[in-house]
Asks: 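After the structure tokens below, expect a handful of questions from me.
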Amino acid sequence: MSVIYLDNNATTEIDPQVLESILPYLKSEYGNPSGMYTFAGKLKRDLDKARSQVAALINASAEEIIFTSCGTESDNTALVSALETYPEKRHIVTTRVEHSAILNMCKHLSRKGYAITFLPVDREGMIDLDELADSVTPSTAVVSIMYANNETGVVYPIEQIAQIVKSKGVLFHTDAVQAVGKLPVDMNKIPVDMLSLSGHKLHAPKGIGVLYIRKGTRFQPYIIGGHQEDGRRGGTENVASIVGLGTACEIAAKYMNHENTEVRRLRDKLENTLLSKISSSMLNGHKLSRLPNTTNISFEFIEGEAILLLLDEHRICASSGSACTSGSIEPSHVLRAMGVPFTAAHGSIRFSLSRYTTEQEIDKVIELLPPIVNRLRQMSPFWHEQASQLSS
Ligand SMILES: *Cc1c(COP(=O)(O)O)cnc(C)c1O
């Protein structure tokens, strides 16, 4: 039985062409790009090429790209740099639905005495732009709002958000880890100051990230060391992964249309069929402003974890909107922030597709999931309780 992998927002399969491009750097091309000899000179040029390939995907210029170790490092770097370059400003604005790379860094900074505004979201996961505008003050060092949410796929109106923040003269950072490669992202059009992306979410390896820093933006390194990345990030370059990410970015541009037509069609088929075949199920997130590959559905009165276990018996990989923290199952912070009712938040499942997802795989899930949900509901006291309430 082969794996049906529908957890592409967690990580993705490395594209075979990406793998091919990486291999020489794990074998013969092992030099340190800082070396003064010809053997290293080629590596310098290869890094430059990768930098241009990444820049091209987001319509930026190569000097605005620095390579980091992951999306988390890029996110951390953006926030800390903003605070260090504007030391008199001790306030950050973000949202309640960010990835833990932003959320937990903000909580950490809050314990250190910084003021953090966590903007709420509505039932569809959207923020209120007036509330955003009101929250930015002269003491705000940076506003950080994600481009697209990893759990629900909700896409934020980043162009409008960036314009609001820039009209107040404040730095704007966006975590675009889920957006880059799935949506056209254009730094020429959107006045973002800093943007994070991560290799393993777009068919490159794990352990490589990028921070885009707009030309002219004040910046302080977070990883302090050698002169690599033009003095903006210490540490010997991860040449193999950087080259792989460059290749992945070039391929992503070619698949952009496919992502928004074919992948979207399969996602819609999965979503619409499950919602119509399974009673007491509901979509979490905005119906329209959403990544083409993501659907997050609640199956009320049962546990997402139980669904995942039964799907796993068929080697189907998805993820649930809750996390088992210290023995008790807690609904995700994203669904809680959206006010998803308790009985629905617990039974939420995220399916995230990729360009490798096939129609047969989607049909298989459509066939297998309804009986799984039925079976679990037959064992669920919550289900029987609401059924008896309805009939009385
Ligand atoms: C995966 C992810 C990250 C973290 O990226 P890593 O490279 O795994 O550190 C940050 N933000 C979002 C939205 C993500 O989905």
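All ligand and atom numbering here is 1-based and tracks the order in the structure. Quick caveat, the model's predicted, so the values are computed rather than measured. These values consider heavy atoms only, across backbone and side chains, with no hydrogens, waters or symmetry-generated copies.
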Asks: Heavy atoms only: which of Q178, E151, E98, K206 lies closest to atom 15 (O) of ligand 1?
Replies: Q178
Asks: Quick test: of every protein heavy atom, which one is nearest to atom 6 (P) of ligand 1, and how far off is it to 0.1 Å?
Replies: G71 N, 3.5 Å
Asks: Using side-chain heavy atoms (C-beta onward) and a distance below 4.5 Å, is E73 in contact with R233?
Replies: yes
Asks: I need the contact type for C70 against ligand 1. Using non-hydrogen atoms and a strict under-4.0 Å cut-off, is it side chain, backbone, both or neither?
Replies: both
Asks: My understanding is that only one of E385, E300, Q386 makes a side chain to side chain contact (heavy atoms under 4.5 Å, CB included) with T343; could you say which?
Replies: E300
Asks: Kindly indicate whether the side chain of Y222, heavy atoms from C-beta on, has any atom under 4.5 Å from the side chain of S81.
Replies: no
Asks: Hey, are the side chains of I145 and H173 touching, using non-hydrogen atoms and a 4.5 Å cut-off?
Replies: no
Asks: In the protein, which heavy atom is nearest to atom 8 (O) of ligand 1, and how far is it?
Replies: H200 NE2, 2.8 Å
Asks: Report yes if the side chains of E151 and H333 come closer than 4.5 Å at any heavy-atom pair, otherwise no.
Replies: yes
Asks: What residue and atom, counting heavy atoms only, is the protein's closest point to atom 2 (C) of ligand 1, and at what distance?
Replies: K201 NZ, 2.6 Å
Asks: Nearest to atom 9 (O) of ligand 1, what protein heavy atom do you find, and at what distance?
Replies: T72 OG1, 2.6 Å
Asks: Checking a contact table here: which protein heavy atom is nearest atom 11 (N) of ligand 1, and how many Å away?
Replies: D175 OD2, 2.6 Å
Asks: I'd like to know if the side chain of H286 and the backbone of V155 have a donor-acceptor N/O pair within less than 3.5 Å.
Replies: no
